[in-house]
Amino acid sequence: VTTPRAFEDFEAGVDYDLGRRVVPAAEIAAFATEFDPQPMHLDPEAAQASPLGGLAASGWHTTALMQRMLVDGLLAGTTSMGGAGYEHVTWHAPLRPETTLSGTATILDKRISRSRPTMGLMRTRIVLKDAATGTMILEAIAMLICGVREPG
Amino acid sequence: MWFLEDLPLNARISLGSTTVGEADILRFGRDYDPQPFHLDHAAADASHFGGLVASGWHTGAMFMRAFVDYTHRLAEEMRSRGEVPARLGPSPGLSDIRWPKGVYAGDTLAFATTPSSKRPLASRPGWGLVIFDNLALNQHGTTVMTFRAGIFVERRS
């Protein structure tokens, strides 16, 4: 039996690689149809005339992709207890169909919750880029919660 | 949507409600947030949530759907009065996102938004920025998500 990685095993200041993920046009359309059916995500002409300047993913799709990359690259197989919230999410550039995203997560600081000593809090900066151009697509600061292996 | 100049501030707008299906929680979890408490009943029951819960980003996406549906209804009402609705642009970002309680299968969420400030944008002629303060409540009246969103809204001039 392997012990899952816990709060104690995460290091502040280290850049964790979240890997890469391709965003197909069909997935952009499917997500927008279900959750954000605005013409700028679904209709090429309306998208061209909008401030996005062409078809782009819903911002909520981009955050969902960030979460998937965060789970696959950092939180899977750990004592993750979810997220308390985010200080901010900033969409820097539109996410175009067929883009390959790359991601990085950096724990800015970590501490054990005073009120719930079994929980560790990790203030974490997440950046998603277009892997081909290096253009920043999204930047966010999360408060992640991870179980403590040996609560003091 | 109202044009920036006409958009009323500080009045809460009800965006309607939606019931969260278990299959939807599982599908969103599998696609975008594959953690045990979003994927598996037994693991979720044993977790600190005590049951299967929706990804926080799923709750946000459901909010967005309610918001978009509301803007479509508003646009229809405006057209029926002979008015031209303003376009909504994209959002530059969100802030102060909190998920104070879990969203469980079968919960009915009510969504609301309050435009709290607005200003024209020098950098984007024809557009302004509106800050919306947003809220999701469950059927017990408990807050399950709060956040602020900036959204670009078309100007009259």
Side-chain angles (χ1 to χ4, degrees), chain A residues 4 27 30-41 46-47 49-53 56-72 75-95 116 118-119 138-143 145 147, chain B residues 1 18 24 27-39 47-49 53-69 71-72 87-100 102 121 123-127 129 145-154:
Chain A
E27 185 184 327
F31 191 101
T33 300
E34 184 169 5
F35 294 115
D36 193 355
Q38 300 190 79
M40 63 186 167
H41 302 310
S50 83
L52 290 176
S58 166
W60 294 98
H61 190 191
T62 314
T63 54
L65 290 162
M66 169 188 73
Q67 183 65 20
R68 179 61 196 257
M69 292 174 76
L70 192 64
V71 171
D72 287 350
L75 301 178
T78 73
T79 57
S80 169
M81 298 168 77
Y86 276 69
E87 292 177 13
H88 68 260
V89 172
T90 306
W91 294 294
H92 285 270
L95 174 58
R116 305 182 78 171
T118 57
M119 289 186 179
L138 172 150
E139 187 259 350
I141 294 188
M143 188 63 85
I145 307 172
Chain B
M1 182 50 70
T18 191
D24 293 328
R27 183 165 52 90
F28 194 99
R30 199 166 56 237
D31 288 346
Y32 295 114
D33 197 353
Q35 301 194 77
F37 35 79
H38 302 315
L39 290 177
S47 77
H48 64 295
F49 288 111
V53 288
S55 168
W57 292 116
H58 188 188
T59 305
M62 288 187 281
F63 173 94
M64 190 63 199
R65 179 58 194 257
F67 184 88
V68 171
D69 286 351
T71 65
H72 289 168
R87 285 184 300 160
L88 278 180
S91 166
L94 312 175
S95 65
D96 303 311
I97 304 165
R98 300 281 180 275
W99 293 285
L121 286 171
S123 58
R124 286 178 185 271
W127 293 88
L129 179 68
M145 185 176 185
T146 57
F147 66 103
R148 309 190 117 167
I151 300 184
F152 295 137
V153 176
E154 213 176 357

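Predicted model only: the values in this text are computed from it and were never measured. Here is how names work: the chains are called A, B, and so on, in the same order as the sequence lines, proteins then strands, and each is numbered from 1.
Looking at A:Leu75, the atoms closer than 4.5 Å to chain B (heavy atoms on both sides) all sit in the side chain, from C-beta outward. Proximity to chain A (any heavy atom under 4.5 Å) is shown, for B:His38, by neither the backbone nor the side chain. Contact of A:Ala49 with chain B is made through backbone and side chain together, with heavy-atom distances under 4.5 Å. For B:Phe49, the part sitting under 4.5 Å from any heavy atom of chain A is the side chain, from C-beta outward, and nothing else. Heavy-atom distances place the side chain of A:Val71, and not its backbone, under 4.5 Å from chain B. In this structure, chain B has a heavy atom under 4.5 Å from the backbone of A:Ala84, while its side chain stays farther away.
When all heavy atoms of A:Met81 and B:Phe37 are compared, the pair lying nearest together is C-CZ, 3.8 Å. Minimum heavy-atom separation, A:Asp72 to B:Pro34: OD1-CG, 4.2 Å. Here the closest heavy-atom approach between residue B:Ala61 and residue A:Phe31 is recorded as CB-CZ, 4.1 Å.
Atom CZ of B:Phe63 is separated from atom CZ of A:Phe35 by 14.0 Å, given to the nearest 0.5 angstrom. For the atom pair A:Ile145 CD1 and B:His48 NE2, the distance stands at 6.0 Å (nearest 0.5 Å). A:Met143 contributes atom CE, which lies 8.0 Å from atom CZ of B:Arg98 (distance to the nearest 0.5 angstrom). Annotation: the span from A:Thr62 atom OG1 to B:Trp57 atom CH2 amounts to 10.5 Å, rounded to 0.5 Å.
Using a distance-only test at 3.5 Å, with no hydrogens or angles considered, no donor-acceptor pair links the side chain of B:Arg65 to the main chain of A:Pro37.
Note on A:His88, A:Met69, A:His92, A:His41: by heavy-atom pairs under 4.5 Å with chain B, the leading option is A:His88. When each of B:Gly56, B:Gly150, B:Ser47, B:Ser95 is scored by its heavy-atom pairs under 4.5 Å with chain A, the top score falls to B:Ser95. Options B:Pro90, B:Pro100, B:Gly89 differ in how many heavy-atom pairs under 4.5 Å they form with chain A, and the most are formed by B:Pro90. Comparing A:Ala76, A:Gly82, A:Ala140 by how many heavy-atom pairs each has under 4.5 Å with chain B, the most go to A:Gly82. The most heavy-atom pairs under 4.5 Å with chain B, out of A:Ala142, A:Ser80, A:Ala46, come from A:Ser80.
Side-chain contact between B:Leu94 and A:Trp60: present, with at least one pair of heavy atoms (C-beta onward) separated by less than 4.5 Å. Taking the side chain as every heavy atom from C-beta outward, A:Gln67 and B:Gln35 approach each other to under 4.5 Å.
The side-chain contact (heavy atoms from CB on, under 4.5 Å) check on B:Arg27 picks up A:Glu34, B:Asp24, B:Arg30, B:Asp31, with sequence neighbours excluded.
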